[in-house]
Structures are given as structure tokens and as C-alpha cells.
Participant: 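Structure below; questions to follow.
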Amino acid sequence: MRIASFNINGIKARLPRLLEWLEETKPDVACLQEIKTQDEGFPAAEFEKIGYGAIWHGQKSFNGVAILTKDQEPEETKRGLDGEPEDEHSRYLEANVKSADGKTVRVASIYLPNGNPQPGPKFDFKLRWMKRLRNRATEIWQNEVPAVLAGDYNVIPRDNDVFSVKAMESDALMQPESRQAYQRILNDGWTDALGVSYPAGKIWTYWDYRSGGWQRDQGFRIDHLLLSPLAADQLNRCGVDKEHRGREKASDHAPTWVELNF
DNA sequence: ATGGCTATACGCTATAGA
């Protein structure tokens, strides 16, 4: 089964591109971030028309995550992360989905805080959020089920995951604290599918709209799919739908995906 | 480079993103 992650940067502005991508690549699960709409504005009927069920966690103007599933309805297992009741950002949604052979797979759609400017309260919030995510990841891991934590992590894990270390050195995405918090989750036993499949790096999932980022291929890898052991064992291949970034009215992120042998 | 571009909202200017 194919599970994808796509930061769409506004589901209303991006709807034609999103429907086109779903019909062309037919992912079994699509984890979306930055839907940038309140719950009542989510275009569920458009997805239903092309055979996708959906759950979503919206918010006015910013953030917002969703999970789309082909030929089935996702069974929601978690909405938001524990540990900070005053946090009202819509950044985490989790569900059980079924593979073609009836196996239950746990999937999360994650929109991790950007954290800029750093240092500052937004960066502190990012690091706290990463701790809370790690706690939830551990709960899932302990269930010993195939699981995929997919999303925009806003972390550049390695120096070869960015077009220029110098250009990004003071950015929250690349701070040692951000990388350490990400690495802690990997050290708990999660596999960064693209990271292990392309150790030489130079695979981007994001290109800035500004400064001709796309035209100059100046990007970085910040959208990640983390696999639990039972999912990592079945990793067939993974990649980035890079070509979709070059289309008219594209998101600044490209979809990234894993294909698992069930 | 407090730059560049894009999306959203109690909109014609501000905020957030990365």
C-alpha cells in the first residue's frame, strides 16, 4: 500500500492540484498538512466523488491536518497531542486504516511547528511539541503495530538534506536542538524512510516560492515518513512526486510517499 | 536581506510560513 504525505499550503487554493495528484498517483492514504481552513470549509464531498474517505482537524487561516483514505473511511484514533492543554493549534491527527489484505495500519498526519524565529517563544514551542510527539510515538510503538508517522516535521535532519547549510544555518529547521529532538525519535526505533533509502541525500521535499527556489533547485527535505519496525520491515520503495512542485499554482512542498508490501 | 512569494482574513494591510 502507498502512504503519502503532502503539505498542500491551503486546501481551497490547492483543490484542483490536489484532486489531480490523487487521481494520477492513487495513494491509499494521503496525510495532508496546512489545510488552512476551519472544519466547516473542508471540501469532503470533492474527495468522496473520487472515492476517498476523510477525517480532518481544521483551524481558521493557519495549520490544519487531514487524512484521506481510498475506498474506505479512516477510523480516528487521536486528535491533537497530550501534554499542553493551552495549545490550540491543529497539527496532529491519527487513524487506523486497512490494507488490501485486511491488516490494520496506524497512520498519523503531523504538522510540526516551524519554530522561527529562533531563539524565542516559537522555537521553545517547537521543542516542547517535539517532546509531546515523541511521547505519542512511543505509545504507538509499544502497540507493536505497523505504523507510519507522516508529515511536515519542519526539521532538516542532515547537512545533505539542504541545498546550502550556510543559507539555513541560523534557521529553526536546522538547529542542533531541532535535529536532536528528531534524532531521539529515530533512536526510539523509528525509521526515516527517505533518509535510509537515500543516504547520499540531495532529495528535496520543499522549495521556497521566493528567490527562484524551484527554478534553481534550491530546496530541502523536511517532510518525513517515520516507520515502526513492522512497517519498516515491509518497505518496498519510497520517493517524492517532485514533478508536481513545478505545476501551475503548486504548493511549495511536493508530495512524498512510501510503498509497503501489504 | 526586518529582502524575495503565497495564502488567508472582521481584507486594500497584516500575519504566518520556512
Side-chain angles (χ1 to χ4, degrees), chain A residues 5-19 21 32-43 46 56-66 87-92 109-127 129-130 133 150-179 181-182 194 201-224 240 242 244-256:
Chain A
S5 180
F6 192 3
N7 180 322
I8 51 168
N9 187 14
I11 202 164
K12 292 171 186 166
R14 211 70 60 210
L15 191 58
R17 284 288 91 90
L18 177 57
L19 293 170
W21 169 73
L32 307 179
Q33 301 86 35
E34 284 206 88
I35 62 175
K36 293 187 175 182
T37 179
Q38 295 176 94
D39 283 342
E40 48 270 36
F42 188 84
E46 299 296 323
W56 56 95
H57 189 199
Q59 180 180 342
K60 196 199 294 188
S61 306
F62 308 115
N63 306 326
V65 286
D87 171 17
E88 292 182 343
H89 289 192
S90 298
R91 295 179 176 275
Y92 187 88
S109 183
I110 291 163
Y111 179 46
L112 208 145
N114 170 297
N116 280 307
Q118 76 78 31
K122 290 189 173 184
F123 189 61
D124 297 340
F125 175 63
K126 175 181 193 150
L127 296 179
W129 204 94
M130 292 185 82
L133 174 63
D152 177 358
Y153 281 72
N154 271 314
V155 174
I156 297 169
R158 315 170 299 201
D159 284 354
N160 63 13
D161 291 316
V162 61
F163 74 98
S164 163
V165 170
K166 193 169 164 42
M168 295 297 289
E169 66 186 349
S170 61
D171 196 284
L173 277 57
M174 250 187 54
Q175 292 315 295
E177 296 95 326
S178 308
R179 285 182 165 180
Y182 183 74
L194 274 282
K202 310 279 185 202
I203 306 281
W204 318 142
T205 65
Y206 168 90
W207 295 258
D208 203 306
Y209 287 127
R210 301 165 296 182
S211 315
W214 169 250
Q215 288 76 11
R216 300 179 191 189
D217 198 30
Q218 295 183 338
F220 26 96
R221 188 173 73 92
I222 50 175
D223 299 274
H224 307 305
V240 177
K242 182 175 177 180
H244 286 257
R245 175 62 180 82
R247 297 193 185 187
E248 193 78 18
K249 293 272 281 177
S251 170
D252 42 5
H253 295 250
T256 180

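So you know, we letter chains A, B, ... as the sequences are listed, proteins then strands, and number each from 1.
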Participant: Whole Å only: how far is the CD atom of A:Gln118 from the C1' atom of B:dA16?
Facilitator: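 Value for this atom pair: 17 Å.
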Participant: Run through A:Leu194, A:Val162, A:Asn160 and flag the one making a side-chain contact (heavy atoms from CB on, under 4.5 Å) with A:Arg221.
Facilitator: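 Of the listed options, the one satisfying the test is A:Leu194.
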Participant: What does A:Arg91 touch in the nucleic acid at a heavy-atom separation under 4.0 angstrom: a base, only the sugar-phosphate, or nothing?
Facilitator: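 It contacts sugar-phosphate atoms only.
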Participant: What integer distance in Å separates A:His89:NE2 from B:dG17:P?
Facilitator: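 These atoms are roughly 7 Å apart.
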Participant: By nearest heavy atom, map A:Tyr209 and A:Ala13 onto DNA chain B; which one lands nearer the 5' end?
Facilitator: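 Final value for this comparison: A:Tyr209.
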Participant: A:Lys126 near the nucleic acid: base, sugar-phosphate alone, or nothing, with a heavy-atom cut-off under 4.0 Å?
Facilitator: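 Nothing, no heavy atom under 4.0 Å.
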Participant: Taking only N and O in the side chain of A:Lys60, is any of them less than 4.0 Å away from OP1 or OP2 of B:dC10?
Facilitator: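 The answer is yes; a side-chain N or O of A:Lys60 sits under 4.0 Å from OP1 or OP2.
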Participant: May I ask you to say whether A:Lys242 pairs ionically with A:Asp217, meaning some side-chain N is under 4.0 Å from a carboxylate O?
Facilitator: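 Between A:Asp217 and A:Lys242 there is a salt bridge, with a charged N closer than 4.0 Å to a carboxylate O.
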Participant: Would you call A:Asp159 and A:Arg179 a salt bridge, using N to O less than 4.0 angstrom?
Facilitator: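 Salt bridge between A:Asp159 and A:Arg179, a charged N being under 4.0 Å from a carboxylate O: yes.
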Participant: Roughly, in whole Å, what's the span from CD1 in A:Ile11 to C1' in B:dA9?
Facilitator: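 So the CD1-C1' distance, A:Ile11 to B:dA9, works out to 18 Å.
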Participant: I want to verify a distance call: between B:dA7, B:dG4, B:dA18, whose nearest atom is closest to the A:Lys36 side chain?
Facilitator: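 Closest nucleotide to the A:Lys36 side chain: B:dA7.
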Participant: So if I take every side-chain heavy atom of A:Asn114 and compare against B:dA16, B:dA18, B:dT6, which nucleotide ends up nearest?
Facilitator: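 Closest nucleotide among those given: B:dA18.
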Participant: Between A:Arg210 and B:dT6, does any side-chain N or O lie under 4.0 Å from OP1 or OP2?
Facilitator: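 No, because none of the side-chain N or O atoms of A:Arg210 sits under 4.0 Å from OP1 or OP2 of B:dT6.
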Participant: Between A:Asn154 and B:dA18, is there a side-chain N or O to OP1/OP2 distance below 4.0 Å?
Facilitator: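 So the side chain of A:Asn154 is within the cut-off, an N or O lying under 4.0 Å from OP1 or OP2 of B:dA18.
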Participant: Would the A:His224 and A:Tyr182 ring centres measure less than 6.0 Å apart?
Facilitator: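 Yes, the ring centres sit under 6.0 Å apart.
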Participant: Using a 4.0 Å heavy-atom cut-off, does A:Tyr153 contact any base of the nucleic acid, only the sugar-phosphate backbone, or nothing at all?
Facilitator: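 Counting heavy atoms under 4.0 Å across all strands, no contact is made by A:Tyr153.
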Participant: Could you tell me the separation between the CD atom of A:Gln33 and the C1' atom of B:dT6, rounded to a whole number of Å?
Facilitator: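 Atom-to-atom, A:Gln33 to B:dT6, this comes out as 18 Å.
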Participant: Between A:Ile35 and A:Leu173, which has a closest nucleotide on DNA chain B that is more 5'?
Facilitator: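 Of the two residues, A:Ile35 wins.
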Participant: Using the ring of each side chain (for Trp, its six-membered ring), is A:Phe220 parallel, tilted or perpendicular to A:Phe163, with breaks at 30° and 60°?
Facilitator: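 Parallel.
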Participant: Hey, which of A:Glu34, A:Arg14, A:Gln33 is the one that makes side-chain hydrogen bond (donor to acceptor under 3.5 Å, both in side chains) with A:Asn7?
Facilitator: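 The residue from A:Glu34, A:Arg14, A:Gln33 that satisfies side-chain hydrogen bond (donor to acceptor under 3.5 Å, both in side chains) with A:Asn7 turns out to be A:Glu34.
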Participant: Measure from the side chain of A:Lys12, starting at C-beta and using heavy atoms only, and say which of B:dA18, B:dT8, B:dA7 lies closest.
Facilitator: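 It is B:dT8.
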Participant: Report the nucleotide, chosen from B:dT6, B:dA18, B:dA16, that has the shortest atom-to-atom distance to any side-chain atom of A:Arg14.
Facilitator: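 For the A:Arg14 side chain, the nearest candidate turns out to be B:dT6.
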Participant: Using the P atom as the point on both nucleotides, what is the distance between B:dA1 and B:dT13, in whole Å?
Facilitator: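 Each nucleotide's P atom is 29 Å from the other's.
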Participant: Can you tell me the distance, in whole Å, between the CZ atom of A:Phe163 and the P atom of B:dA18?
Facilitator: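 These atoms are roughly 15 Å apart.
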Participant: Ignoring hydrogens and geometry beyond distance, is a side-chain donor-acceptor pair present between A:Lys122 and A:Asn116 at under 3.5 Å?
Facilitator: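 There is no such pair (donor and acceptor under 3.5 Å, judged by atom type) between the side chains of A:Lys122 and A:Asn116.
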Participant: Give me the distance, rounded to whole Å, that separates B:dA18 from B:dC12 when you measure between the C1' atoms they each carry.
Facilitator: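 About 26 Å, rounded to a whole number of Å.
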Participant: Any side-chain N or O of A:His253 under 4.0 Å from OP1/OP2 of B:dG17?
Facilitator: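 Looking at the OP1 and OP2 atoms of B:dG17, neither is under 4.0 Å from any side-chain N or O of A:His253.
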Participant: Could you check if the base of B:dG11 is syn or anti? Syn means the glycosidic torsion is within 90 degrees of 0.
Facilitator: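 Base orientation: anti.
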Participant: So, is A:Asn7 close to the B:dA18 phosphate, meaning a side-chain N or O under 4.0 Å from OP1 or OP2?
Facilitator: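 So the side-chain polar atoms of A:Asn7 do come within 4.0 Å of the phosphate oxygens OP1 or OP2 of B:dA18, strictly under.
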Participant: Would you mind reading off the distance between A:Tyr206 atom OH and B:dT6 atom P, rounded to a whole angstrom?
Facilitator: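 Whole-Å distance recorded here is 11 Å.
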Participant: Choose from B:dA18, B:dG17, B:dC10 the nucleotide whose nearest atom is closest to any side-chain atom of A:Asn63.
Facilitator: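 Comparing B:dA18, B:dG17, B:dC10 against the side chain of A:Asn63, the answer is B:dG17.
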Participant: What is the distance from NZ of A:Lys249 to C1' of B:dT8, rounded to the nearest Å?
Facilitator: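 The distance from NZ of A:Lys249 to C1' of B:dT8 comes to 12 Å, rounded to the nearest Å.
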Participant: When we call it a touch if two heavy atoms are under 4.0 Å apart, what does A:Asp208 touch: a base, just sugar-phosphate, or nothing?
Facilitator: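 Result for A:Asp208 = nothing.
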Participant: Taking atom P in both B:dC10 and B:dT15, compute the distance separating them and give it to the nearest angstrom.
Facilitator: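 Looking at atom P only, B:dC10 and B:dT15 are 15 Å apart.
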Participant: Taking the side chain of A:Ser61 as its heavy atoms from C-beta onward, which of B:dA7, B:dT8, B:dG17 lies nearest to it?
Facilitator: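 Minimum distance to the A:Ser61 side chain belongs to B:dT8.
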Participant: Quick one: label A:Asp223 by what it contacts on the DNA or RNA (base, sugar-phosphate, nothing), any heavy atom closer than 4.0 Å.
Facilitator: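 The answer is nothing, as A:Asp223 stays clear of every strand by at least 4.0 Å.
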Participant: Considering only atom C1', compute the distance from B:dA16 to B:dG11 and round it to an integer number of Å.
Facilitator: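 About 16 Å, rounded to a whole number of Å.
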Participant: Could you check how far CD of A:Gln38 sits from P of B:dA7, rounded to whole Å?
Facilitator: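 To the nearest whole Å, that distance equals 19 Å.
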